[in-house]
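Predicted model only: the values in this text are computed from it and were never measured.
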Amino acid sequence: MAARSGDAAQGLARGLRQLGPLRLAIAALLLAAALFVALNSWKLPQLTNAEAALYDVRVAALAKPVDSDKRITLVVYTPDTNRKTGKISPVDRTVMAQALVNIGKLGAKAVGVDVLLDSAQPDDPLLHAALKDIPVPVYLAFATSKASPEFISWEQEQDLRRTMQAVRGPTVQPASILLDNDADNVSRRWPTHKAGMPSLLSVAMTEHTADADPRFGNFAGAIRFRRPASSDRPVFDEIPIDFLADPDTAALTEAQIRGRYVLIGAHFSDFDKIDTPFTRTNTLIMGEKQTIGVAIHATMLAQLLDKALPAALPQWARVLGALIAVVLGAATAAVRVRTWQLALAVIAQLAGFLAFPFLLQRAGFDTLNLPAVGWPLGWAIAYTAVGAALRAINAAQREFAQGALGKYLPRSVAAEILRNPDRLSLHGEKRAIYCLFSDLEGFTKLTHAVEPEMIARLLNDYLDRLSAVVLAHGGTLDKFVGDAVVAFWGAPIAYEDDAARAVKAARAMYEAGEAFRRSVPAGVPPIGRTRVGLHYGEAIVGNFGGEGRIQYTALGDAMNTAARLESANKPLGTTVLASREVAEQVGFASFRPMGSVTLRGRATPVEVFELVGDGDDEGGRLAAALVAAHAAGDAAALQVLAGQVAPLAKQDPALATLVRRLEETAPGESYGLG
């Protein structure tokens with residue numbers, strides 16, 4: 001267990017190093033941002049509307065359908081009232097006075113007036129007299145300019161104070177009618193109590209009754225909205241105020257007034273309309289999408305009467321929820337599972353984030369200010385942050401792994417293994433490949449004449465040069481055998497131009513060997529040429545070895561033939577020798593024929609070709625003519641050609657050796673290399 005913990009700690013430390021300080025700082029900032037968003041989404045301008053929209057959907061979907069509330073009645077000014085009285089603003093106070101007299105006679109429990117009595121009117125004495133004589137408690141709308149500077153001017157406040165001074169008494173008291181609408185002008189929450197203001201209208205009307213609930217005195221949580229069970233039975237009975245002002249018709253409303261809380265306000269088509277959570281969902285309340293202000297006060301009063309104080313989520317629960325969301329997002333990004341499992345996990349978590357606020361709302365909790373958008377968004381930010389960090393780490397690890405593998409395998413093999421680790425399984429397959437062997441002439445003798453440190457340095461330099469050539473030409477670097485390099489083309493991925501690349505690599509390896517010879521330090525004995533053998537044929541290619549060590553290699557006769565061709569360079573005086581199979585694949589233009597030979601340890605003759613550079617037209621012509629004359633048994637032509645080769649013997653020993661070999665063999669016979 002301790003070892004496992006140590007490995008995990010080392011893995012974490014290595015991952016952090018690979019991530020780097022800048023990416024680590026960015027990831028940490030994103031995680032901090034995720035937590036901040038998950039906690040404060042209701043306060044962020046870009047997210048407030050989304051949070052409010054989801055809250056409104058919850059409220060509208062889970063609002064309790066009710067029949068008309070028999071405890072509260074609305075008495076309202078209507079457009080018809082204005083037409084009858086000839087007054088719009090301020091509303092007719094004579095009608096209010098007459099209605100108050102009849103409401104008192106009918107035995108209302110208390111009256112709340114949601115109409116500001118701020119501008120002096122000729123009929124004020126009549127209203128003041130009615131207020132002084134009313135036998136039931138009356139609470140008049142009041143507000144200060146300090147508490148609501150956008151709606152109440154200093155002059156209006158003075159008017160309200162004068163009215164209160166004129167009528168205040170045992171049954172008449174001021175009450176606040178201010179509402180705290182959200183930034184989108186939607187009424188969702190109880191208004192906070194402001195300094196210098198009396199109690200809220202709904203609280204004031206119940207303060208001195210058995211219905212009083214002090215918990216609502218400073219409550220600033222969600223308003224509990226209800227919707228009507230039927231479109232023809234509104235939540236609150238509504239009576240036109242002029243109907244109550246007439247003694248003859250007022251008597252008909254006794255059942256709707258006696259023992260009830262009566263709220264007086266206005267119900268105009270274009271005035272005092274307020275959006276509620278029902279507005280966004282197009283739920284009709286009182287036949288309209290918007291709600292009149294006095295109905296908001298009636299809704300809060302009904303909530304108070306029902307003592308329906310929603311359970312508040314403690315701050316620690318919100319913090320815990322935010323932490324869980326962020327941790328889940330980070331963990332989901334970090335977990336290594338199949339794609340379908342990850343998709344199911346993401347869907348399940350997002351569905352949980354969506355359903356949880358609804359479950360809390362249904363259970364009676366106040367979900368106003370609950371981060372229903374913030375939590376999943378915090379999850380998404382954390383998921384993105386950790387996912388990006390892990391991708392960066394994986395990229396670094398992949399680059400490191402590919403670089404490490406690339407020292408032993410070609411990049412194509414390394415990339416394939418990283419894409420599909422199953423390719424490391426032990427198996428082989430038969431493939432037609434281009435096999436290459438190279439060897440450095442005289443290096444074994446050199447090891448006895450030079451210090452081991454110098455040998456190591458020289459060998460590393462030499463092998464690095466040749467392996468770079470192989471990889472640069474897309475070859476698979478099979479192995480090093482001392483100073484010999486073994487490589488092949490056509491596996492694990494075969495390309496159409498493998499033949500051309502293998503031939504070019506063979507020439508480049510010889511040239512790299514020559515450059516190495518010229519670069520050796522002073523005092524080192526002369527180093528021989530690099531010889532290369534190249535053959536095309538079938539081999540078994542794949543991973544071979546055991547669980548502890550494997551090697552991607554090629555086995556079979558094709559590889560052996562390439563090795564024999566490399567060895568044949570020495571007696572033939574050539575440097576890069578290829579079989580006919582190779583020459584046929586790329587065309588004979590780059591080769592000159594070197595006759596037919598029997599390779600050491602083989603019985604079947606092989607036609608061999610030397611790879612020549614540009615500008616060797618004369619040597620190639622002579623070699624082709626010599627081989628053709630020998631095959632035809634034309635001794636005279638062979639003798640003439642030999643005379644032409646003689647002047648070139650020093651600078652082209654391979655051509656001179658070809659003449660000698662052909663002279664020693666009969667037509668159709670191959671030259672044995674022993």
Side-chain angles (χ1 to χ4, degrees), residues 15 19 23 26-63 182-184 186 188 221-222 277-283 310-394:
L19 187 60
R23 286 199 183 102
I26 292 173
L29 284 175
L30 284 175
L31 288 174
L35 187 59
F36 179 80
V37 168
L39 283 171
N40 299 285
S41 53
W42 272 94
K43 300 175 183 177
L44 299 174
Q46 297 85 351
L47 300 178
T48 301
N49 287 339
E51 289 285 13
L54 279 183
Y55 175 77
D56 292 349
V57 171
R58 292 196 298 273
V59 169
L62 300 175
D182 287 345
D184 55 359
V186 177
R188 298 185 180 92
F278 293 131
T279 305
R280 192 188 298 269
T281 57
N282 294 326
T283 305
L313 279 175
Q315 183 61 26
W316 65 263
R318 297 174 190 272
V319 174
L320 180 61
L323 284 172
I324 290 174
V326 172
V327 170
L328 275 176
T332 304
V335 70
R336 295 177 180 271
V337 294
R338 294 182 178 178
T339 302
W340 68 266
Q341 293 173 319
L342 178 62
L344 284 179
V346 170
I347 292 171
Q349 290 177 62
L350 294 180
F353 285 129
L354 180 64
F356 187 60
F358 282 87
L359 295 175
L360 285 178
Q361 182 80 21
R362 187 181 183 87
F365 283 90
D366 185 356
T367 63
L368 190 61
N369 298 325
L370 179 75
V373 173
W375 286 351
L377 187 56
W379 178 96
I381 295 173
Y383 181 91
T384 302
V386 173
L390 288 175
R391 283 193 295 274
I393 291 174
N394 289 339

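Between Trp379 and the options Val327, Ile324, Leu328, a side-chain contact (heavy atoms from CB on, under 4.5 Å) holds for only Leu328.
Contact record, Leu342 with Val337: N-CG2, 3.7 Å, taken as the closest heavy-atom pair. For the pair Trp375 and Ala317, the tightest heavy-atom approach, listed with the atom from each and the gap, is CZ2-O, 4.5 Å. Contact detail for Phe278 and Val59: the closest heavy-atom pair is CE2-O, 4.4 Å. Taking both residues in full, the closest heavy atoms of Trp42 and Leu370 are given as NE1-O, 2.8 Å, listed atom of the first, atom of the second, then distance. Taking all atoms of both residues into account, the shortest heavy-atom contact from Leu39 to Pro371 is O-CG, 4.5 Å. Among all heavy-atom pairs drawn from Ala38 and Ala322, the shortest one is CB-CB, 3.6 Å.
In this structure the side chain of Val37 reaches within 4.5 angstrom of the side chain of Leu44, judged on heavy atoms. No side-chain heavy atom of Thr279 sits under 4.5 Å from any side-chain heavy atom of Asp56. Within the 4.5 Å cutoff, side-chain heavy atoms of Phe358 are placed close to those of Val57.
With hydrogens and angles ignored, the 3.5 Å screen pairs no side-chain donor or acceptor of Asp366 with any backbone N or O of Pro310. No donor-acceptor pair under 3.5 Å is formed between the side chain of Arg188 and the backbone N or O of Asp182. In this structure a side-chain-to-backbone donor-acceptor pair under 3.5 Å is present from Glu51 to Ala372.
Here CG of Leu368 is found 4.5 Å from OH of Tyr55. Values are rounded to the nearest 0.5 Å. Rounded to the nearest 0.5 Å, atoms CD1 (Ile381) and CG (Leu29) are 12.0 Å apart. Note that the OG1 atom of Thr367 and the CG atom of Leu54 stand 10.0 Å from one another [nearest 0.5 Å].
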Go through Val386 and Leu30 one step at a time and tell me if the side chain to side chain contact (heavy atoms under 4.5 Å, CB included) criterion holds. CA-CA 9 Å; Val386 173; Leu30 284 175; over 6 Å; no

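Within 6.0 Å of CZ on Phe356 lie no more than 12 heavy atoms contributed by other residues, nucleotides or ligands.
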